[in-house]
S.K.: 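I'd like to ask you about the structure that follows.
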Protein chains: 2
Amino acid sequence: MATQTAQQRRDDAKLRFDAYLAGCPSRRLLDRIADKWVALVLKSLAAGPQRYSDLARQLAGVSQKMLTQTLRNLERDGLLTRTVTAEVPVRVDYELTPLGSSLGQLLGDLKSWAEEHMPDVDEARQRYDRRT
Amino acid sequence: MATQTAQQRRDDAKLRFDAYLAGCPSRRLLDRIADKWVALVLKSLAAGPQRYSDLARQLAGVSQKMLTQTLRNLERDGLLTRTVTAEVPVRVDYELTPLGSSLGQLLGDLKSWAEEHMPDVDEARQRYDRRT
DNA sequence: CCGTATCCTCCTCGATACTG
DNA sequence: CAGTATCGAGGAGGATACGG
């Protein structure tokens, strides 16, 4: 086998690291909950099942595309269920699964930390920006 | 004052919603910790102060640009301190502040949830992908 | 009512090269 | 050693129009 150049060794290390990140549960969780609309959808559904149009109304800034995409991903991950009722017009309800509720709890903890500590961050940021 | 069109009302609502999101502590926290390298930097520094080159070595996949940018942002937010020692060559140490350690704790909780529940997510995802 | 399909625009991130 | 500067590719997300 040939001797590797330094460049090859760096590339290899990077590939292994990327693979590690892709499988890392913590990283995957962060990527999931940081999706722009996930937290808001979960919060809305924490109050009980909601129709698609209810969600669209509460999340005033969301596009149809992103709302649907977010809901599909959450359904795929087993965090909520999608129920179609064949009325006219069609009715679709979304409801959290136990797993989804569990994630909602976690986000509640995050919210607590944020409300407690983000003011400190703001202060630090102002200090940093004022120093020349 | 003129009557608003439906379009104008939607645009207004969207603007207000975006403004709300920009100031929302939870949203800002999520945006911060979901930055690709933040969690890894915090984890490295949890073990004690590290030099720039130490961090670069441990985070095998990071570019200089992103490492520096991440460190600067964390410094600005008061989560770590940057100490330059005038040796030859220059030496720069990074160390967590109490606030930074606190955030590290929070990420630990996140990690626990991820390790406990992400297998369920994987299972749900496989079920979803198998149904035609 | 509940989506899908398409296009298009930022904007993040990485690669690369250079400096005190 | 520890950065800064610049450029370019790619993807996320929004606008819009259409379908079942």
Side-chain angles (χ1 to χ4, degrees), chain A residues 6-8 10-11 13-15 17-18 21-22 27 30-41 49-76 80-95, chain B residues 5-8 10-11 13-15 17-18 21-22 27 30-41 44 49-76 80-95:
Chain A
Q7 179 63 44
Q8 284 172 325
R10 273 196 302 277
D11 289 349
K14 187 174 179 335
L15 279 179
F17 198 80
D18 286 348
L21 283 185
R27 164 60 37 195
L30 281 174
D31 287 346
R32 162 65 60 241
I33 63 178
D35 264 16
K36 191 166 179 185
W37 301 106
V38 166
L40 294 161
V41 167
Q50 305 274 332
R51 299 185 57 169
Y52 181 91
S53 44
D54 293 332
L55 290 170
R57 208 168 306 113
Q58 289 182 50
L59 283 56
V62 75
S63 64
Q64 281 192 319
K65 176 188 171 183
M66 290 317 296
L67 181 54
T68 299
Q69 190 177 107
T70 302
L71 289 169
R72 283 290 181 286
N73 284 332
L74 292 176
E75 186 197 2
R76 178 168 182 251
L80 53 76
T81 58
R82 176 173 181 271
T83 312
V84 181
T85 310
E87 306 176 336
V88 179
V90 184
R91 172 200 182 98
V92 181
D93 286 88
Y94 292 92
E95 182 172 13
Chain B
T5 65
Q7 179 62 44
Q8 285 172 325
R10 273 196 303 277
D11 289 350
K14 187 174 180 333
L15 278 178
F17 198 80
D18 286 349
L21 283 186
R27 166 59 38 195
L30 280 174
D31 287 346
R32 163 66 59 240
I33 63 179
D35 264 16
K36 192 166 179 186
W37 301 106
V38 166
L40 293 160
V41 167
S44 273
Q50 304 274 331
R51 300 184 57 169
Y52 181 91
S53 44
D54 293 332
L55 291 170
R57 207 168 307 113
Q58 290 183 50
L59 282 56
V62 75
S63 64
Q64 281 192 319
K65 177 187 171 183
M66 291 315 297
L67 180 54
T68 300
Q69 189 178 107
T70 301
L71 290 168
R72 284 288 181 286
N73 284 332
L74 292 175
E75 186 196 2
R76 178 167 181 252
L80 53 76
T81 58
R82 177 174 180 270
T83 312
V84 182
T85 310
E87 304 177 337
V88 178
V90 184
R91 172 198 181 99
V92 181
D93 286 89
Y94 292 91
E95 181 172 14

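We name chains A, B, ... by the order of the sequence lines, and we start the count at 1 in each one.
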S.K.: Using atom CG of A:Asp31 as one end and atom P of D:dG13 as the other, report the distance to the nearest whole Å.
M.R.: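 The distance from CG of A:Asp31 to P of D:dG13 comes to 11 Å, rounded to the nearest Å.
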S.K.: With a 4.5 Å heavy-atom cut-off, do B:Leu71 and B:Tyr52 have their side chains touching?
M.R.: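 Yes, at least one pair of side-chain atoms sits under 4.5 Å.
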S.K.: Roughly what angle, to 10°, lies between the helix axis at the start of the helix from C:dC1-D:dG20 to C:dG20-D:dC1 and the one at its end, five pairs per end?
M.R.: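 It works out to 50° between the end axes.
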S.K.: If we only count heavy atoms from C-beta on, is the B:Leu40 to A:Leu21 side-chain gap below 4.5 Å?
M.R.: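 In contact.
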S.K.: Find which nucleotide of DNA chain C each of A:Asp93 and B:Met66 is nearest to by heavy atoms, and output the residue with the more 5' nucleotide.
M.R.: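 The answer here is A:Asp93.
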S.K.: How many Å lie between CZ on A:Arg91 and P on C:dC2, as a whole number?
M.R.: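 From A:Arg91 CZ to C:dC2 P: 8 Å.
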S.K.: With a 3.5 Å cut-off and sequence neighbours excluded, list the donor-acceptor pairs that the side chains of residues 54-61 of chain A form with protein atoms.
M.R.:
unit_1: A:Asp54; atom_1: OD1; unit_2: A:Arg57; atom_2: NH1; d: 3.3
unit_1: A:Asp54; atom_1: OD2; unit_2: A:Arg51; atom_2: N; d: 3.2
unit_1: A:Gln58; atom_1: OE1; unit_2: A:Ser44; atom_2: OG; d: 2.9
unit_1: A:Gln58; atom_1: NE2; unit_2: A:Gln50; atom_2: OE1; d: 3.0

S.K.: Using the 3.5 Å cut-off, write out each protein N or O paired with an N or O of nucleotides 3-9 of chain D and the distance between them.
M.R.:
unit_1: D:dG3; atom_1: OP1; unit_2: B:Arg72; atom_2: NH2; d: 3.2
unit_1: D:dG3; atom_1: OP1; unit_2: B:Arg82; atom_2: NE; d: 3.3
unit_1: D:dG3; atom_1: OP1; unit_2: B:Arg82; atom_2: NH2; d: 2.5
unit_1: D:dG3; atom_1: OP2; unit_2: B:Tyr94; atom_2: OH; d: 2.7
unit_1: D:dG3; atom_1: N7; unit_2: B:Gln64; atom_2: OE1; d: 3.1
unit_1: D:dG3; atom_1: N7; unit_2: B:Gln64; atom_2: NE2; d: 2.9
unit_1: D:dG3; atom_1: O6; unit_2: B:Gln64; atom_2: OE1; d: 3.0

S.K.: Taking CD from B:Gln69 and P from D:dA2, how many angstroms apart are they, rounded to a whole number?
M.R.: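 For the pair B:Gln69 CD and D:dA2 P, the rounded distance is 19 Å.
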S.K.: Heavy-atom nearest nucleotide on DNA chain D for A:Ala34 versus B:Arg57: which residue maps closer to 5'?
M.R.: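 Result of the comparison: B:Arg57.
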S.K.: Side-chain N or O of A:Arg51 versus OP1/OP2 of C:dC2: is the shortest distance under 4.0 Å?
M.R.: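 A:Arg51 to C:dC2 OP1/OP2: side-chain N or O found under 4.0 Å.
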S.K.: Report yes if a side-chain nitrogen or oxygen of B:Ser63 is closer than 4.0 Å to either non-bridging phosphate oxygen (OP1 or OP2) of C:dC13; otherwise report no.
M.R.: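 Indeed not, no polar side-chain atom of B:Ser63 lies that close.
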S.K.: Check the distance between C:dG3's P and A:Glu87's CD and give it to me in whole angstrom.
M.R.: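 To the nearest whole Å, that distance equals 14 Å.
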S.K.: Using salt bridge (charged side-chain N to carboxylate O under 4.0 Å, His left out) as the criterion, list what pairs up with A:Arg91, not counting sequence neighbours.
M.R.: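 A:Asp93.
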S.K.: Please list, chain by chain and in numerical order, all residues satisfying side-chain contact (heavy atoms from CB on, under 4.5 Å) with A:Ala34, sequence neighbours excluded.
M.R.: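 side-chain contact (heavy atoms from CB on, under 4.5 Å) check on A:Ala34 returns B:Ala34.
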S.K.: Look at the rings of A:Trp37 and B:Phe17 and say which category their plane angle falls in: under 30° parallel, 30 to 60° tilted, over 60° perpendicular.
M.R.: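 Answer is parallel, since the angle falls under 30°.
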S.K.: Who passes salt bridge (charged side-chain N to carboxylate O under 4.0 Å, His left out) against A:Lys14, sequence neighbours left out?
M.R.: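 A:Asp18.
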S.K.: Do B:Thr70 and B:Asp35 have side chains that get closer than 4.5 Å, going by heavy atoms?
M.R.: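 No, too far: nothing below the 4.5 Å cut-off.
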S.K.: Return the value, rounded to whole Å, for the distance between atom CG of B:Leu67 and atom P of C:dA15.
M.R.: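 In whole Å, C:dA15 P and B:Leu67 CG are 14 Å from each other.
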S.K.: How many Å lie between NZ on B:Lys36 and C1' on D:dA12, as a whole number?
M.R.: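 Result: 15 Å.
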S.K.: In whole Å, I'd like the distance from the CD atom of B:Glu75 to the P atom of D:dA2.
M.R.: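 Computing the B:Glu75:CD to D:dA2:P distance gives 15 Å.
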S.K.: Establish, with yes or no, whether the OP1 or OP2 oxygen of C:dG14 is under 4.0 angstrom from a side-chain nitrogen or oxygen of B:Trp37.
M.R.: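 The answer is yes; a side-chain N or O of B:Trp37 sits under 4.0 Å from OP1 or OP2.
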S.K.: Please report the distance, rounded to the nearest Å, between CG in A:Leu40 and P in D:dG13.
M.R.: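 Interatomic distance, CG of A:Leu40 to P of D:dG13: 13 Å.
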S.K.: Testing B:Leu80, B:Leu74, B:Thr81, B:Thr83 for side-chain contact (heavy atoms from CB on, under 4.5 Å) with B:Tyr94, which one passes?
M.R.: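 Filter result, single survivor: B:Leu80.
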